[in-house]
Trainee: 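I have a structure I would like to understand better, so I am pasting it below and will then ask my questions one at a time.
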Amino acid sequence: MTLSLVFIAILFGFSLYNLVTAIRLEVPRKQTVQPLAKLRKRVSLLIPVRNEAQNLPALVRCLGQIDYSPLEILILDDESTDDSYRILQSSGYVALRGRPTPSGWVGKNWACHQLTEAATGDLLLFCDADVTITPRAVADTVNRMEEYHAKALTALPRQLMQSWSEKAVIPLVMHQSVVGTLPLNLLHRLSSPSLLVCNGQWLCIDRAAYFSVGGHQRVKDSFVEDMALGRELKRAGYPLLTVVAARSLEVRMYKDWPALKEGFTKNLYPLMGGNLPLFSLCLLLFVYANGVSLLSLTGFLLLLLNRLIVARLFRTSAGSVLFHPIGLVTVLYLSICSLAKTKWGAISWKGRETVHRVTK
């Protein structure tokens, strides 16, 4: 019991620290210094799309409101089986038709690789099709990178959650696991590749740095390509700035239980180390800190405060805290599913199925 209180106290301490110190993507207007147009870096906004017909109208509206120049917007249809490509063709933006995925590549990685082949920008900004982008998000990204002399920046958006499964699982996996364990404002100063956060929902990389580490080709078979690419950048000595973008970017990752199950079954095992010993340790610590602490009043209060702090940082509903016990059980279930599928089955995502054996 004492050890579990120590763990939850650490989570609380990190969360409180990040609430106060985390770098926000939103640059205060009084601090914003717009460089001369001829000196501003050209940004290539690169968006891979696969079966995103429902999200594309909102995305196109956002793209038309972006306040930054020079900006190149490239969208690639990754063998969609819905109306995505037809919508893209009528959007007014450059709509590329993706080539079939080669053997050994994960689909999204191949799509991002093709986008970089067509891009001409000084900065390559990868964005998922389900992200809602505010007009200043691109400009603030460039300003933050210049302010911190960073060769790469990744942002943590506000997660929109409506269903019970989203409210139960996403705060634990996407928020608490990050905010409760790492000092976000210091990560770009730490050289260890294991101490990083890299989120492919919004990831901007200096062109030269991207190609010097091999880009997506280097991580072509990774199901969590963003983290793998982030590690390659850090190994090469490129600072990776992590920012909270709860006012600049919003995303609803999964709209129902089947989509959430498929997504986290794909991601959880590699996110928790990608090998059985480390996966087991992460799962044990997760259960111990989040489960055993509920058995004592002190642990319950610390856990409650921690969840409320995380909700405040990411501007999500405090009501999601009530789903914590359900989330704990659900994450356990999804973790076991991810282990089984990765080691002995096949990973499926958006109509694709990939056999990916793990021998570790």
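Owing to the predicted nature of the structure, the values given are computational and were not obtained by experimental measurement. No hydrogens, no waters, no symmetry mates; every other heavy atom, side chains included, goes into these values.
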Trainee: Consider only side-chain heavy atoms of I, L, V, M, F, W and Y, link residues closer than 4.5 Å, and tell whether L241 and V43 are in one cluster.
Mentor: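 Cluster IDs for L241 and V43 match.
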
Trainee: Apply side-chain hydrogen bond (donor to acceptor under 3.5 Å, both in side chains) to the pair T120 and R42, showing each step before the final yes or no.
Mentor: CA-CA 8 Å; T120 62; R42 179 175 174 84; 3.1 Å; yes

Trainee: Measuring from I205:CD1 to F126:CZ, what's the distance to the nearest 0.5 Å?
Mentor: 5.5 Å

Trainee: Please check if the side chain of R50 supplies one atom and the backbone of E79 the other of a donor-acceptor pair under 3.5 Å.
Mentor: yes

Trainee: CZ of R235 to CD of E232: how many Å apart, nearest 0.5 Å?
Mentor: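 Going from CZ on R235 over to CD on E232, the span is 5.0 Å.
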
Trainee: Using every non-hydrogen atom in the two residues, find where I47 and D128 come nearest and quote the distance to one decimal.
Mentor: CG2-C, 4.2 Å

Trainee: Answer yes or no: are there more than 12 heavy-atom neighbours, outside F211 itself, under 6.0 Å from its atom CZ?
Mentor: yes

Trainee: Please report the closest heavy-atom contact between L308 and A318, naming both atoms and the distance.
Mentor: CD2-CB, 3.7 Å

Trainee: Let me confirm one number: the CG-OG1 distance from L153 to T242, rounded to the nearest 0.5 Å.
Mentor: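 Here the interatomic distance stands at 7.5 Å.
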
Trainee: What's the separation between atom CE in M227 and atom CG in N267, rounded to the nearest 0.5 Å?
Mentor: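 If we round to the nearest 0.5 Å, M227:CE and N267:CG are 11.0 Å apart.
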
Trainee: Search all heavy atoms of A155 against all heavy atoms of A245 and return the closest pair with its distance.
Mentor: CB-CB, 3.9 Å

Trainee: Following the transitive rule for hydrophobic clusters with a side-chain heavy-atom cut-off under 4.5 Å over Ile, Leu, Val, Met, Phe, Trp and Tyr, establish whether Y269 and L332 coincide in one cluster.
Mentor: yes

Trainee: Nearest 0.5 angstrom please: E72 CD to L125 CG, how far?
Mentor: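 Here the rounded value is 11.5 Å.
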
Trainee: Check whether more than 12 heavy atoms from other residues, nucleotides or ligands sit under 6.0 Å from atom CZ of R252, and answer yes or no.
Mentor: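 Result for CZ/R252: enclosed.
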
Trainee: Taking the side chain as every heavy atom from C-beta outward, state whether P270 and S338 have any pair of such atoms under 4.5 Å apart.
Mentor: yes

Trainee: Quick one: CG on L313 to CG on N18, what's the gap to the nearest 0.5 Å?
Mentor: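 Reported value, rounded in 0.5 Å steps: 7.0 Å.
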
Trainee: Can a donor-acceptor pair be found, under 3.5 Å and without considering hydrogens, that links the side chain of N55 to the backbone of D130?
Mentor: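 Looks like no, no N/O pair under 3.5 Å.
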
Trainee: Quick one: closest heavy-atom pair of A22 and N185, and the distance?
Mentor: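 Between these two residues, the closest heavy atoms are CA-CB, 4.5 Å.
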
Trainee: Could you verify whether a donor N or O on one side chain and an acceptor N or O on the other, from E166 and S163, lie under 3.5 Å apart?
Mentor: yes

Trainee: Any idea which heavy atoms bring A208 and D206 closest together, and the distance?
Mentor: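 What the structure gives for the nearest pair is N-OD2, 3.0 Å.
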
Trainee: Report yes or no: does T330 contribute a side-chain atom to a donor-acceptor pair with the main-chain N or O of I326 at less than 3.5 Å?
Mentor: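 Pair found, side chain donor or acceptor close to backbone of I326.
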
Trainee: Which heavy atom of L46 sits nearest a heavy atom of A119, and at what distance?
Mentor: CD2-CB, 3.9 Å

Trainee: Can I get a per-line list of side-chain donor-acceptor pairs under 3.5 Å for residues 168-179, giving both atom names and the distance, sequence neighbours left out?
Mentor:
residue : atom : partner : partner atom : Å
Q176    : OE1  : N306    : ND2          : 2.9
Q176    : NE2  : N290    : OD1          : 2.6
S177    : OG   : V173    : O            : 2.3

Trainee: Ignoring hydrogens and angles, state whether a donor on the side chain of E52 or S84 is under 3.5 Å from an acceptor on the partner side chain.
Mentor: no

Trainee: For the CZ atom on R315, are there more than 12 heavy atoms of other groups (residues, nucleotides or ligands in this structure) within a distance under 6.0 Å?
Mentor: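 Yes, enclosed.
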
Trainee: Can the ring centres of W110 and H216 be said to be less than 6.0 Å apart?
Mentor: no

Trainee: Report yes or no: do V331 and V329 belong to one cluster of Ile/Leu/Val/Met/Phe/Trp/Tyr joined by side chain heavy-atom distances under 4.5 Å?
Mentor: no

Trainee: Tell me whether L59 shares a hydrophobic cluster with L96, the cluster being built from Ile, Leu, Val, Met, Phe, Trp, Tyr side chains joined at under 4.5 Å.
Mentor: no

Trainee: Is there a side-chain hydrogen bond (donor to acceptor under 3.5 Å, both in side chains) between E225 and S222? Walk through the geometry before answering.
Mentor: CA-CA 5 Å; E225 84 294 336; S222 174; 6.0 Å; no

Trainee: Would you confirm whether the ring centroid of Y254 sits within less than 6.0 angstrom of the ring centroid of F264?
Mentor: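 Yes, ring centres under 6.0 Å apart.
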
Trainee: Examine Y93 and Y68 and state if one hydrophobic cluster contains both, with Ile, Leu, Val, Met, Phe, Trp and Tyr joined whenever side-chain heavy atoms are less than 4.5 Å apart.
Mentor: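 Per the 4.5 Å side-chain linkage, Y93 and Y68 are co-clustered.
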
Trainee: Checking side-chain polar atoms at under 3.5 Å, does W202 have a donor or acceptor matched by the opposite partner on T141?
Mentor: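 Distance-only check passes for W202 and T141.
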
Trainee: Report yes if the distance between the aromatic ring centroids of F300 and H324 is under 6.0 Å, otherwise no.
Mentor: no

Trainee: Main chain of R247, side chain of E26: is a donor-acceptor contact present, judged purely on distance under 3.5 Å?
Mentor: yes

Trainee: Are R40 and D122 close enough for a salt bridge, meaning some N to O gap below 4.0 Å?
Mentor: no

Trainee: Closer than 3.5 angstrom, by distance alone: can the side chain of R144 be matched with the main-chain N or O of R24 as a donor-acceptor pair?
Mentor: yes

